[in-house]
K.L.:
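Okay, here's the structure, questions in a sec.
Model, not experiment: these values are computed from the prediction. In this chain, numbering begins with 1 at the start of the sequence shown. Whatever order the structure lists them in is the order used to number ligands and atoms, beginning at 1.
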Amino acid sequence: MKELLLLLKKFFGYTSFRPLQAEIIQRVLQKEDTLVLMPTGGGKSICYQLPAIYSPGTALVVSPLIALMKDQVESLIANGIPAAALNSMMPEEEQQQVKQLCVQGKIKLLYISPERIKTEADWFLPRLDISLIAIDEAHCISHWGHDFRPEYTQLSILKERFPKVPIVALTATADKITRKDIIEQLKLREPGVFISSFDRPNLSLTVRRGLTKKEKIAAIIHFIRKHTGQSGIIYCMRRNDTTELAEDLGSYGIKAIAYHAGLPPILREKAQEDFINDRVDVVCATVAFGMGIDKSNVRWVIHYSMPGSIENYYQEIGRAGRDGMKSDTLLFYSLSDLIVLRRFAEESNQNEINIEKLNWMRRYCESEICRRRVLLSYFGEESDHDCGNCDVCKNPPKRFDGSILIQKALSAIARTGERVGLPMLIDILRGSSRAELIEKGYNRIKTYGAGRDLPYKQWKEYLYQMIQLGYIEIDYANGQTLKITPSGKKILYGEQRAQLVFYKEPEEETRTSKSPEKRVKARPIRPIRSDSVDETLLDALRQLRKQIADREHIPAYIIFSDDSLEDMVEKKPVTLDQFSDIRGVGQIKLERYGKVFTALTRFVLKKQEG
Ligand code: ADP
Ligand code: ZN
């Protein structure tokens, strides 16, 4: 165990294991099959990388995406670990070189694409001294999972051909059926199953509902300006939204690129590269974006519209904060999203399951208790405390007697013969004189104008609550008109009273100037004394990291994670000895970068003194 800790520091620069890592590593070293379920960012890689370094021979790592392989190989090499990739995208000559190095036993980890396993099973693989086989993104093997890949089903031959080699399968998403599928298809023998908590406490959770497109854009701009200089992803439901939104943001001086599966591969690749290498901070993307991205310093994720299930949502927000540092997430949700998603679910071939999944998602969005508790309970975990890092925890709902408000709304619905949708209802309540309303004679009903005192936005919010509380129902089959439910009638006739949650307008995002962006300093991840040495130092260290990254043609986060930079700001190492104590500084990084980083730190400190 002590030896493993020494290796952890030497090669990865960490001084302790995360929960379950040590147990998993020990099991793999005992040559036993293992299934690992950990959330994105949980630290799965070390579970097979460390045993691979420790054991003689070469470890095979099956990984579904070439981009992901490249990233992993680069980070291993940056830590002084001999690693390589083998896939069909590489020139033949390079493939031969890699194979030769492997046969000579000079490679500790070989990343290989699943389709290659079969073609190499007869000649190349048997010539290797295979220490272990890791199957990354193992849920791809299952039809039940959401990323099924036919090539993965061929992996069953691994156990047949190499019965003595331990297999470790890893995934961030696997319900019970998928789990069973993975074990059966890979033919794992009495596997140890390790399930770590799915909690990601570093991700803040916020949900906002009922915003118009314009309001959403204003909110997004406000949000991004608070995160200037930090990388983030905005997930959109439609391809068109991605391009439109990127343009809209551009007109406010925010550089954003669009990404969706309909773009030519060259553009997609460029978008991905620009994002990974910090040449662009914001990507507006469909869910096609992200699978191949291991960027550890994505600091925020926004959902422009609601995802169809909690699994998808969790995977998407999971792309933020993989380095474990504080990151923010924001989800917009509206009835129109819900209507579209419901239709998708109904038309899909697993409609019952998909409708149930959507209902869970909706429950999450409408939750009045800690959102993280809802998420965790979805994944079958219980938590005994509120998280303090979601919008519900930060702004606990304040209630008032909303009976009169509800009565006004319900009576207006009744008097129109339950023939209106939400926007018309609000216009009636607020006494609008728009043409359609007058034509239909709704200005003559008794409740016309009865809710003048409340702005449109507030009515919208309270009506959402009435729907959520089950007083109003949406008739999806009938132009989304509103119907009064039996429990609504009880309120309408005064047989029962009801509480609503007080609606508070969120902060100052109403005015969004198109004038050139005021450069707000990137908000430090941990509180750092503003305008102080710390901020100057962090800035300088970031620039140095970027320079080195550009020179070495690797992403900045592979040189050092944001977490390592923050640790440098905190400890201000000026000698190599001090530098070696920084989180994420292993032996190679100490040798390669220690001098320049400590020199820069000395320089900044001296300049501040002088
Ligand atoms: P996953 O594959 O589960 O999504 P990774 O293996 O990429 O996660 O790890 C996520 C981040 O956590 C990486 O930046 C990694 O270096 C870091 N990490 C992993 N294990 C440890 C540890 N024991 N101590 C500190 N950081 C760790
Ligand atoms: Zn909470």
K.L.:
Checking the N or O distance criterion of under 3.5 Å, is ligand 1 in contact with Lys44?
P.N.:
yes
K.L.:
Hydrogens and angles aside, do Gln26 and Gln30 bring a side-chain donor and acceptor to less than 3.5 Å of each other?
P.N.:
no
K.L.:
Which option wins on minimum heavy-atom distance to atom 18 (N) of ligand 1: Glu137, Met325, Arg583, Arg18?
P.N.:
Arg18
K.L.:
Quick one: does Gln21 get an N or O within less than 3.5 Å of an N or O on ligand 1?
P.N.:
yes
K.L.:
With a 4.0 Å cut-off on heavy atoms, is Gly41 touching ligand 1?
P.N.:
yes
K.L.:
Which of the numbered atoms in ligand 1 are under 4.0 angstrom from any heavy atom belonging to Thr40?
P.N.:
4 (O)
K.L.:
Below the 3.5 angstrom mark, is there an N/O of Asp323, backbone or side chain, next to an N/O of ligand 1?
P.N.:
no
K.L.:
Tyr14 heavy atoms, cut-off 4.0 Å: which ligand 1 atoms fall inside?
P.N.:
15 (C), 16 (O), 17 (C), 18 (N), 21 (C), 22 (C), 24 (N), 25 (C), 26 (N), 27 (C)
K.L.:
If you measure from each heavy atom of Gly42 to ligand 1, is any distance below 4.0 Å?
P.N.:
yes
K.L.:
So if I apply the ring-ring contact (aromatic ring centres under 6.0 Å, His included) rule between Phe379 and each of Tyr313, Tyr364, Phe198, Trp360, which one comes out positive?
P.N.:
Phe198
K.L.:
Hey, which atoms in ligand 1 end up nearer than 4.0 Å to a heavy atom of Pro39?
P.N.:
3 (O)
K.L.:
Which of the listed options, Met38, Arg322, Arg319, Gln72, holds the heavy atom that is closest to atom 13 (C) of ligand 1?
P.N.:
Arg322
K.L.:
Looking from the Zn ion (ligand 2), what is the angle between SG on Cys387 and SG on Cys393, to the nearest 10°?
P.N.:
120°
K.L.:
Which ligand 1 atoms, with their elements, are less than 4.0 angstrom from a heavy-atom of Ile46?
P.N.:
19 (C), 20 (N)
K.L.:
Show the atoms of ligand 1 that are less than 4.0 angstrom away from any heavy atom in Ser16.
P.N.:
22 (C), 23 (N), 24 (N)
K.L.:
Can you confirm whether more than 12 heavy atoms, excluding those of Lys595, are under 6.0 Å from its NZ atom?
P.N.:
no
K.L.:
With heavy-atom distances below 4.0 Å as the criterion, list the atoms of ligand 1 near Phe17.
P.N.:
23 (N)
K.L.:
Validate the cation-pi geometry between Lys295 and Tyr557: distance from NZ or CZ to the six-membered ring centre under 6.0 Å, angle to the ring axis within 45°.
P.N.:
no
